[in-house]
Every structure is written in C-alpha cells, then in structure tokens.
Amino acid sequence: MIKEITTQVKSTMSIFEARKDRLYGVLAEFSDPGDLYHAAEKVRDEGYRHFDVHSPFPIHGMDKAMGLGNSKVGYITLIGGLTGLATGILLQWWTGAVDYPLNISGKPFFAFEPSIPVIFELTILFAALGAVAGMFALNGLPRPYNPLFYSEKFHSVTDDGFFLHIAASDKKFEIIRTVEFLEGIGASYIEKIVDKSSED
Amino acid sequence: MSSKLRSSSPLTWLIDPFSPTEESARSDFRPGRGSLLWIVPTMIGIALLAVSAVGWSIDPGQFYFSYLVGWAFCLSIAVGALFFVLIQHLTKARWSVVVRRISESLMWTFPLLLVLSIPIILGMHDLFHWTHENLYDPADSHYDPILAGKRSYLNTPFFLVRMAVYFIVWCTLAYRLYSLSVREDLTGAVDIKAKQRKVSAIGLPLVAVTTAFGSYDFLMSVDPHWFSTIFGVYFFAASFWTVHALIALIAILLQRGVGLQKIVTAEHYQDLGKMMFGFTVFWAYIAFSQYMLIWYGNLPEETIWYRHRLEHGWEMHSAALLIAHFIIPFWVLVSRGAKRKKAILAFMAIWFLVMNWFDIHWIVMPVHAADHAAVHWLSLSCWLGLFGVVFGSVMYRLRRHSLVPQNDPYLSSSLAFTNS
C-alpha cells in the first residue's frame, strides 16, 4: 500500500521505477522542439501518464502539451508564508515580552506595530524558501542518477537532442506496441533503456 | 477609410477631443450598441449632483467636504489611468494592449475634473483651514505660528497656480498619448510607438511629482498641521490599485453586448487580477509604513492625526479599512481561479472602488467631524454623482473609437497572450 503510494508520488516527480526485469522504458528522439511538442500531445492523448520530455532548453507550452496541469508550488509557498508569519509573531513576542523584557523609551514589550516588519520579512523569507524547496521537491531534484544516462545517444540532450521517454511503469506500457506507437508519431530514433544499477 | 484625425466640436471637446473614428475600426473592434451604458450613469450622476446641490443649501460645510472626497476619488482614477498608460508604453508591455484603450479613455477625465473642481475652489475657505487670514496676524487671538511658518507654501494664490500646473501637465500628457493612440488607429504610422514611449519617458517623472504634490495640496493640507512625506506614494498606491479594478470592470461591462468578446480573455483578466492583488499588498505596505514611523517616532504633531482616526467612532473606520481594504481582498484574490472568473473579479472591482472611496473619506472626513464618525448622505450623493458623470463620459468616449488600439504592433501578441 505505502509502496504503491510512494511509487505514484515519485512518478509525479518523473522518478519512475524499473520493472522486475530491469526494463526502465523506451527513449525516443525527435528532430526539433516542435516535433517533440506535438509528440508529447499525442502521447498524452494516447493515455500514457508516466512519461517525460527532455530538451536543451525550456519549450513554451510544454506543460500543457504533457497535460501536467497547474503547478502546486503556490500551495507550498502559502504554507511557507504562514509558517513564517507564525514564527515571526512567536519570535517577537517571546524575545520581547517573555524571555528578555527590556523597557525601551516606554514602548510596550510586545506590540504589533514595531513587530510587523520582522513578521513580514520572515513571512517573505519562508515563502520564498518554500517556493524554491517546493520547486525542487516537485521536480524530483536534485537527481544525480537517472537510468537514461545509460543511453549514449541521450548525452546530446544538453546540446541538440530532443527526447521523449515513456516509462515501463506506465499502465499502458507494452514494449512492442509502445515502440510501434512512437515510430508512428515520427520518432527518428528509438532505444530500449535497461536500468543496470544493482540496487534492490 | 479617412486617415486624418479631426478635433471634435468645442462643445464636446471636454468629453472627447476627437471626432468619432469608430467607422474605420475593424469589425471585431468596433463598439456595438449599448448607449445605455453611458446615458444611465450620466443621468444618475446629474440627478445625484442636483440632490447634492440641495444639500449644499442646507449644510455647505458638509457639502464641500463630501464633494472633495468624491472629487479626489475621481482624480485618483484619472491619475491611476495615466500612470497605467505611461507604464505600459515604457515597459513595452504586450499583454495589456487589448485593455489600453479603456485606460486611455479613463485618463481623458482630467478636463472634466478641472471643470468639476469649481465647487472646491469656491469652498476653499471651508475646506482648508490655512486660508483663514487671522491665523497669520500676530496680534490676533487665532495666530498660529506653525501655519504662519508654512504660509509661503500654503496660500491661496500659490495653491491655484500649483493646481493649474498639475492640470496642464496631466491634460497635456493625456491629450498627447490619447491623440497618438487614436491617430495610430487611422494611419497605422510606424513611428507612433516610439513617440508614445518618448512622451511616456518624459511624462512619468512629471506625473509622479505632480501626483505627489497634488495629494499634499488636495488631501493632506485639509489638516494643515500634519505632514507625511510618504503621503504622495500612498495616494499613488490607492490610484493604481483602483484603476486596475476599474479597467477590469469596464472590460466586463463592455463584453455584455458592446464588444471585446474573445479579445479580452481570462488570461488578461488574470493579469489585471494579479495587479489588483499586488497593489493590495503595496497599499497596505505604504499605509503601514506611514503608520509605523509615526507610532515609533511618537511625536505629538504627527500622532494627533491618527489619534483623531482612533476615537469617536473613527476607530471602526480604521479597523474596516484594515480588514476590507487589505485582508479580505488579499485572501479573495490570492488564488488563480478567482482572478480568472469574471463574476468574482467584477465583484472585487466594485469592492475596490467602494474601498478607495472609503479610504479617501477616512483621510478627509475626520477633519470636518472629528467627534462623531458617520457617513453623511451628502458624501454618498456627491461621490456617486461625480463618479456617475465621469463614468458616463468614459463610456461615451469608448463608443466613439475602436475598442482596442487596432494598429498597435503588439496587438497580435496581446491577443495571443497566455499565462504559462
């Protein structure tokens, strides 16, 4: 049950698990960003969910083509901001009025007026950190190991290669039909990826 | 297609300086029927101003203060619209081209506002304590050394000169930007974009300074002992905050039959909503900056201003301002979905307009009625009367020209705009 959930969560971060026979998925290369974009749309429409695209630069509208929906980072940012807000109030009240009360020109030990800048800055700080951390987490980064690195061809992804990868963990994945499908939508090169790592 | 921009007759120049050009607009951008949209507000506005005139004969003091609140509200819209246009040109904004004609129409409110300022000039003696001559006579029992020290700035002739300068700057820039934009509709001349940017580059600092000083003169000097250097920014924040709401509201209204269908989309509404949200926070930031420094400095001549707004019922207004001007709009507009739904955005736009008026009312009215907080019916009739007339004139202008700057080189980018 828990393993099922973690697998699902990891797949939303594009971290897919290899099959029992170590098959990780199929990698397909496309000739240009436009082809990759339309290929992603077709893969989405075909019903695949565990797939990802790789290109040397961001492609505008790709999130829509992949059917990713809206980013959830905003909610994490909000939670970060509220945490910062609470931390700021607590910090100002506890240091000023509880732990070390000091009379400074007759001002109250704790009041919202002078505390707001601290509370505000902590809200912004935590929200910003939440946004960055959330972005990393939802993207499954940092990710030093990826079975796709076993492909020689895949090295060109940081230069001039446009790749689409359908994971073997997808419910619709079936090696022969998936390869045929990728050929049908115009892949110029197709490779089976086997996870050669010795973990598990 | 006639390619020359002609002035309108001197009678309508105040409302629209150009003769109609909507016939040369492409069919998608041509304003459709909907003359009720300008006739109804104008009629209601005139009726309410007539009612207010009756109020003047009963209680002139209250009338002048109420009128000033309503007039400053309309001024904040015009100033905000001028800032909006200047900034869109300077930043080469693409998203906003489809709503720019609405803001251009809003900014030609200045000439009408100059005419509508006559009651304020007539009521200066009631409105502005510093106009009283006996304050400056050392032998008089009302002698006020502080105001005597400010007299070289706060005196009637200089006030009128400054007011003239503000309106010359505002009207000139508004005319220049509006005429360039409407001329572009007709001729499509390629050098217009650069000219608009040039005018904006010169105009922005001028408008920034005149807006700040205008807010000192029209609003801050109502309580002449008090001073706050951030007050000009506060007025700018309120203006810019309101104008995004009003642009969204007008676009939504126009889409109910006049035009802009499929031109202004959820994407543009989301951007207007983002600006509304952002400037909600900006307004609160500036309002709080002003309050916190005065609280911390604790100087009697500064704190008295807040003292007046925290007693005799005005504390309820201050609390309402915090909750309804900041907290509620913040939480309503924080989500993406709310900004993209016309119904929610229209509701919030009206909310913003009411709260901007409430804000100016909170600045001005405690000077007149320090010991009993209330919203006098004259405040409502003057505000809605002036806004009705102004709003009617805006809708009238919009119907006389293409609804978008149809030859703007960025128009296609704006039409295709999406939030990623």
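Fair warning: this is a prediction, and the values are worked out from it, not measured in the lab. Just so we're on the same page: letters track the sequence lines, and every chain starts at 1.
Other residues, nucleotides and ligands contribute only 12 or fewer heavy atoms inside 6.0 Å of the OH atom of A/Tyr100. Heavy-atom neighbours of B/Leu299 CG from other residues, nucleotides or ligands within 6.0 Å: above the threshold of 12. In A/Tyr189, the OH atom is crowded: over 12 heavy atoms of neighbouring residues, nucleotides or ligands sit closer than 6.0 Å. In A/Tyr75, the OH atom is not crowded: 12 or fewer heavy atoms of neighbouring residues, nucleotides or ligands sit closer than 6.0 Å. Other residues, nucleotides and ligands contribute at most 12 non-hydrogen atoms within 6.0 Å of the CE atom of B/Met316.
Between B/Tyr296 and A/Glu113, the closest side-chain pair of non-hydrogen atoms is not below 4.5 Å. Inter-residue side-chain proximity for A/Pro117 and B/Met292 is flagged as met; some heavy-atom pair is nearer than 4.5 Å.
The aromatic ring centres of A/Phe120 and B/Tyr285 sit less than 6.0 Å apart.
Interface remark: of the candidates A/Ser105, A/Ala111, A/Pro114, A/Pro114 forms the most heavy-atom pairs closer than 4.5 Å to chain B.
With rounding to the nearest 0.5 Å, the separation of OG1 in B/Thr418 from NZ in A/Lys64 is 5.5 Å. The structure places CZ of A/Phe112 at 12.0 Å from CH2 of B/Trp295, a figure rounded to the nearest 0.5 Å.
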